[in-house]
Amino acid sequence: MSLDTIRARIAEAEREAGRPEGSVRLVAVSKKQPNERVAAVLEEGHRCFGENRVQEAAGKWPEFRERFDGIDLHLVGPLQTNKARQVFGLFQAIHSVDRPKLAKTLARLAQEEGHCPELFIQVNTGEEEQKAGILPGDADAFIEECRALDLPVQGLMCIPPVEEEASLHFALLAKIAERNGLRGLSMGMSGDFEKAISFGATHVRVGSAIFGERTG
């Protein structure tokens, strides 16, 4: 599916939801994609990308940044505390803040570095044991804890369970965000981003629909 097609579908979903055009950010998830596919999307003018692993991003994006201006890189996968410092020089946003230990590490590094990427708190809306994220019942307290650490929390992120209706999870995430005064909602992927936009998504994470199936 072409990048123009995805953009047109996002714009149509914005219109149907009564939202301003351009209110949704397309994060092109380039994890495990060959460099030539990523370069082709960059050459089309897209600049906002998502990566799952710090190590993979560190091996890919410094070279792209030498060739293309204005790259906005988002970490959409889990972050180990021992990789947190590396994130500060590489990513502009982290979508996977999911535990107090990580929040405290990011706060300490923010003080040392004098800046911090934009942060999204990952909420495990399906309460799945194998999945990262703060449980919905603990989200309010964790948001308050992150704010007390002076972290720049922009919003929330979720990955709904595959076998459940995504709308229920998008609605839950939007409700938690609203009562905590957060505007950012990172939700919706290749198969359901239009539905996510109808529930207020500000960032949709689309990979295979743009790049094709991953190679690794």
Side-chain angles (χ1 to χ4, degrees), residues 1-33 37-38 40-52 71-77 92-98 118-128 131-133 136 139 153-214:
M1 198 176 296
S2 73
L3 185 61
D4 282 344
T5 300
I6 298 290
R7 286 172 172 160
R9 287 174 60 184
I10 288 172
E12 178 60 24
E14 287 171 332
R15 282 192 294 273
E16 287 186 4
R19 297 175 57 187
E21 187 168 347
S23 59
V24 178
R25 198 86 187 275
L26 172 59
V27 182
V29 180
S30 48
K31 63 180 182 180
K32 296 185 179 178
Q33 293 290 350
R37 289 187 189 174
V38 180
V41 174
L42 281 160
E43 283 163 4
E44 285 191 66
H46 193 73
R47 290 294 181 268
C48 184
F49 291 82
E51 287 284 343
N52 240 43
I71 289 171
D72 182 28
L73 196 59
H74 294 228
L75 180 66
V76 297
Q92 284 64 60
I94 302 168
H95 290 231
S96 49
V97 180
D98 61 357
E118 291 188 349
L119 303 179
F120 291 76
I121 290 169
Q122 183 172 352
V123 181
N124 185 354
T125 55
E127 302 189 25
E128 298 172 277
K131 195 172 283 182
V153 178
Q154 303 299 311
L156 307 177
M157 182 270 257
C158 75
I159 305 171
V162 175
E163 70 283 358
E164 293 186 17
E165 173 52 56
S167 296
L168 300 173
H169 298 272
F170 297 155
L172 174 58
L173 197 72
K175 186 176 180 180
I176 297 170
E178 183 179 17
R179 70 171 178 248
N180 284 282
L182 291 170
R183 295 184 177 179
L185 287 169
S186 172
M187 59 189 195
M189 296 187 282
S190 290
D192 56 19
F193 66 85
E194 286 146 317
K195 191 178 291 183
I197 290 169
S198 74
F199 282 91
T202 58
H203 294 68
V204 293
R205 310 181 305 273
V206 180
S208 58
I210 295 172
F211 297 102
E213 291 304 314
R214 294 195 295 272

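Note that the structure is a prediction, hence the values are computed from the model and not measured.
- Between the side chain of E127 and the backbone N or O of P136, no donor-acceptor pair lies under 3.5 Å.
- Not one N or O on the side chain of H95 forms a donor-acceptor pair closer than 3.5 Å with the backbone of L156.
- Nearest heavy atom pair, residue A139 against residue I176, reads CB-CG2, 3.9 Å.
- No donor-acceptor pair closer than 3.5 Å links the side chain of T125 to the backbone N or O of P160.
- The heavy-atom pair separating E194 from A13 by the smallest distance is CG-CB, 4.0 Å.
- Residue F199 holds its CZ atom at 11.0 Å from CG of L172, rounded to the nearest 0.5 Å.
- Between the CZ atom in F211 and the CZ atom in R37 there is a gap of 9.0 Å [rounded to 0.5 Å].
- Nearest approach of S167 to K195, heavy atoms of both residues: OG-CD, 2.8 Å.
- Counting heavy atoms from C-beta on, the side chains of I159 and K131 come closer than 4.5 Å.
- Across all non-hydrogen atoms, the minimal contact from E21 to A11 is OE2-CB, 4.1 Å.
- Put simply, the side chain of D72 reaches to within 4.5 Å of the side chain of R25, judged on heavy atoms.
- Between the side chains of E16 and S198, no donor-acceptor pair of N or O atoms lies under 3.5 Å.
- Of the possible polar contacts, one joining the E14 side chain to the V24 backbone as a donor-acceptor pair under 3.5 Å is found.
- The distance from the CE atom of M157 to the OG atom of S96 is 5.5 Å, given to the nearest 0.5 Å.
- Put simply, the side chain of H169 never gets that close to the backbone of A171: no donor and acceptor are under 3.5 Å apart.
- In this structure, the side chain of D192 engages the main chain of M189 through a donor-acceptor pair within 3.5 Å.
- Here the straight-line distance linking atom CD1 of I10 with atom CZ of F193 works out to 5.5 Å at 0.5 Å rounding.
- Tested against S186 for a side-chain hydrogen bond (donor to acceptor under 3.5 Å, both in side chains), the candidates H74, H203, R205 yield a single pass: R205.
- A salt bridge links R15 to E12: one of the charged nitrogens lies within less than 4.0 Å of a carboxylate oxygen.
- Between V206 and S190, the closest heavy-atom pair is CG1-OG, 3.5 Å.
- The only member of V76, V27, L42 that meets side-chain contact (heavy atoms from CB on, under 4.5 Å) when paired with F49 is L42.
- Shown here for Q122 and A132, the closest heavy-atom pair between the two residues is NE2-O, 3.4 Å.
- The CG atom of L3 sits 6.5 Å away from atom CG of L26, with the distance rounded to the nearest 0.5 Å.
- Other residues, nucleotides and ligands contribute more than 12 heavy atoms inside 6.0 Å of the CD atom of E44.
- Taking CZ from F170 and CD from E165, the interatomic distance works out to 8.5 Å, rounded to the nearest 0.5 Å.
- T202 contributes a side-chain N or O that, together with a main-chain N or O of L185, makes up a donor-acceptor pair within less than 3.5 Å.
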